[in-house]
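What follows is one structure encoded as structure tokens, with my remarks underneath.
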Amino acid sequence: MKGNRLDLAADEPRFVSSEIYAKWMKSPLMPGDVLMTSEAPLGELAFIAEECNWVLGQRLFALRPDPKLLDGRFLYYALHHPTVRADIQSRASGTTVQGIRQTELRKVQLPLLPISEQQEVAAVLAGLDDRIDNLRATNATLEAIAQAIFKSWFIDFDPVRAKMEGREPEGMDAETAALFPSEFEESELGLIPRGWREGRLFDLVELKYGKSLRASDRHSGRVPVYGSGGITGWHDEAIVNHPTVIVGRKGSVGTLYWEDRPSFPIDTTFFVSPKAVPLTFCYYTMIGLGLDQLNTDAAVPGMNRDNAYRQPIIIPTSDVLGAWGAMTGVLREKIRLLDDEMGVLTELRDALLPRLISGNLRIDTSYGATEIAQC
């Protein structure tokens, strides 16, 4: 559970026997239940929309509303309300790790509208979330397409193999196909397309150090602040004003984040400056290098920049790189536009949520909830 979403692909699934399931889950999860983390971190939420035979692990509550009083999806959104979040935090205990006991959670105060209004409010907010999820899924598909094409062109060398066999390479026009050779040659890295060359990551990128920025020195703004674990906050000033790739240097070694917006990578990261090659080629090349295995520090995981620079790579001709950059530039622009739309919808949802949940903003029932959400 992260970002108030359940992502079953984020970790290796673990399983129990039917006997243990029956013993642990005497009350199985049902549609309308809400899951909430009790600590590490406290208050992550997920809504159960359909039947599932899952076993709850440690540090998880399952909340089941009384259907006569409380709609399950409304409960999910009510638990996002700033006042409710503050109530939860005020009842938490622990110094190193904040957590909440069941006895304290039961005391948390919730806003309560008539059940019909709860359902209307939940439908509007769910409509926005559904649209955000659809956009996220579309971006995941576009990202998968880009990675598949990279693998085909630069790892499996499918266009070269096709031409060797007298076939037209699939998925490209004749002009692009003509850029690929029709034979291989020997290299220290094995067989590579003729005219391409072996190199090192240093030939593609400069890894620049991020800058220190303490949380107390940050000013409210729209510039994402990146640590090795991703976005850690926001600021009003950027040190990178163009698309880049942020690389985890300390802590989460070798993590990679594509960022289109102006950004502020902090000193636990590097950020990528490409050397006359498309940034997309640098990004997908680095994904395949296993940079997360380059930890050189025992106490705090860390990556030495020179070790990263020494990683062997295969460098295509400039014509092939140009064709790749033009094609993936279109994909990345589409992803950026969808990211922007997700940001707008997320801000709209977050602005509407407290007003709708508290009843300060009413829904005109002459419109359907779906139509309101789409507007």
Side-chain angles (χ1 to χ4, degrees), residues 1-11 13-14 16 20-94 97-130 132-133 346 349-350 352-360 363 369 373:
M1 288 173 60
K2 188 174 183 180
N4 296 309
R5 298 176 62 246
L6 271 171
D7 184 3
L8 298 184
D11 196 3
R14 284 155 286 183
V16 300
I20 290 179
Y21 174 76
K23 179 180 179 181
W24 287 1
M25 298 298 293
K26 297 186 184 301
S27 180
L29 294 173
M30 294 173 54
D33 289 352
V34 176
L35 300 185
M36 175 180 163
T37 56
S38 62
E39 64 177 25
L42 169 62
E44 288 283 348
L45 300 162
F47 178 72
I48 303 298
E50 55 190 26
E51 291 185 10
C52 51
N53 57 344
W54 299 338
V55 177
L56 292 184
Q58 294 181 338
R59 302 188 295 275
L60 273 179
F61 292 124
L63 310 178
R64 179 165 300 159
D66 181 341
K68 297 187 296 296
L69 300 175
L70 186 59
D71 177 77
R73 199 175 283 276
F74 181 86
L75 169 62
Y76 168 76
Y77 289 114
L79 289 168
H80 286 83
H81 193 289
T83 302
V84 178
R85 304 291 290 180
D87 194 1
I88 292 172
Q89 289 292 334
S90 71
R91 299 178 187 277
S93 58
V97 176
Q98 286 279 293
I100 191 169
R101 296 185 177 88
Q102 186 184 102
T103 53
E104 288 299 314
L105 183 59
R106 289 177 177 272
K107 300 174 185 176
V108 170
Q109 299 291 304
L110 294 175
L112 201 62
L113 303 175
I115 192 72
S116 61
E117 292 183 26
Q118 292 180 33
Q119 292 166 346
E120 291 166 357
V121 165
V124 170
L125 296 172
L128 290 168
D129 271 339
D130 288 345
I132 293 169
D133 286 342
T346 299
R349 180 203 62 199
D350 293 346
L352 288 176
L353 188 149
R355 299 175 65 193
L356 287 171
I357 292 295
S358 61
N360 292 331
I363 295 172

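Each residue takes its place number in the sequence, starting with 1. Because only heavy atoms are used, hydrogens play no part in the values below, and waters and symmetry mates are left out as well, while side chains stay in.
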Residue pair Pro28 / Arg64: nearest heavy atoms and the distance that separates them: O-NH2, 2.7 Å

Test item: Arg91 and Leu105 side chains (from C-beta on) under 4.5 Å apart, heavy atoms: no

Between atom CG of Asp66 and atom CG of Leu75, what is the distance when rounded to the nearest 0.5 Å? 11.5 Å

Under 3.5 Å: donor-acceptor pair, side chain of Thr37, backbone of Gly43: yes

Please report the C-alpha distance between Ile20 and Met25 in whole Å, then the side-chain angles of each, then the deciding distance to 0.1 Å, and finally whether the side-chain contact (heavy atoms from CB on, under 4.5 Å) criterion is met. CA-CA 8 Å; Ile20 290 179; Met25 298 298 293; over 6 Å; no

Check step by step if side-chain contact (heavy atoms from CB on, under 4.5 Å) holds for Leu112 and Gln118. CA-CA 8 Å; Leu112 201 62; Gln118 292 180 33; 3.5 Å; yes

Spacing of CZ belonging to Phe74 relative to CD belonging to Glu120, to within rounding of 0.5 Å: 11.5 Å

Any idea which heavy atoms bring Tyr21 and Trp54 closest together, and the distance? CE1-O, 3.6 Å

Can you tell me how far CE of Met30 sits from CD1 of Ile48, rounded to the nearest 0.5 angstrom? 11.5 Å

Are Tyr77 and Asp129 linked by a side-chain donor-acceptor pair shorter than 3.5 Å? yes

Between Leu113 and Leu356, is there a side-chain heavy-atom distance shorter than 4.5 Å? no

Can you find a pair of side-chain heavy atoms, one from Leu125 and one from His80, that are under 4.5 Å apart? no

Under the side-chain contact (heavy atoms from CB on, under 4.5 Å) criterion, do Leu110 and Leu79 qualify, and how do the steps go? CA-CA 8 Å; Leu110 294 175; Leu79 289 168; 4.1 Å; yes

Contact between Val84 and Pro111 at the side-chain level, heavy atoms closer than 4.5 Å - yes or no? yes

Validation row: Ile100, Gln89 side chains within 4.5 angstrom (heavy atoms): no

Are any non-hydrogen side-chain atoms of Leu6 and Leu35 less than 4.5 angstrom apart? yes

Minimal non-hydrogen separation, Ala46 against Met1, with atom names: N-CE, 3.7 Å

Expected output: side-chain Glu39 to main-chain Arg59 donor-acceptor under 3.5 Å: no

Which atoms form the tightest heavy-atom contact between Ala62 and Leu56, and what is the distance? CB-CD1, 3.5 Å

Arg73 vs Asp71, salt bridge (charged side-chain N to carboxylate O under 4.0 Å, His left out): CA-CA, chis, key distance, verdict: CA-CA 6 Å; Arg73 199 175 283 276; Asp71 177 77; over 6 Å; no

Testing the basics here: between Gly72 and Pro65, what is the closest heavy-atom pair and its distance to 0.1 Å? CA-CG, 3.6 Å

Take atom CZ of Arg85 as the centre, draw a 6.0 Å sphere, and report whether it contains more than 12 heavy atoms from other residues, nucleotides or ligands. yes

Side-chain touch Gln119/Ile115, heavy atoms, less than 4.5 angstrom: yes

Is Glu104 reaching over with its side chain to a backbone N or O of Ser90, donor-acceptor style, under 3.5 angstrom? no

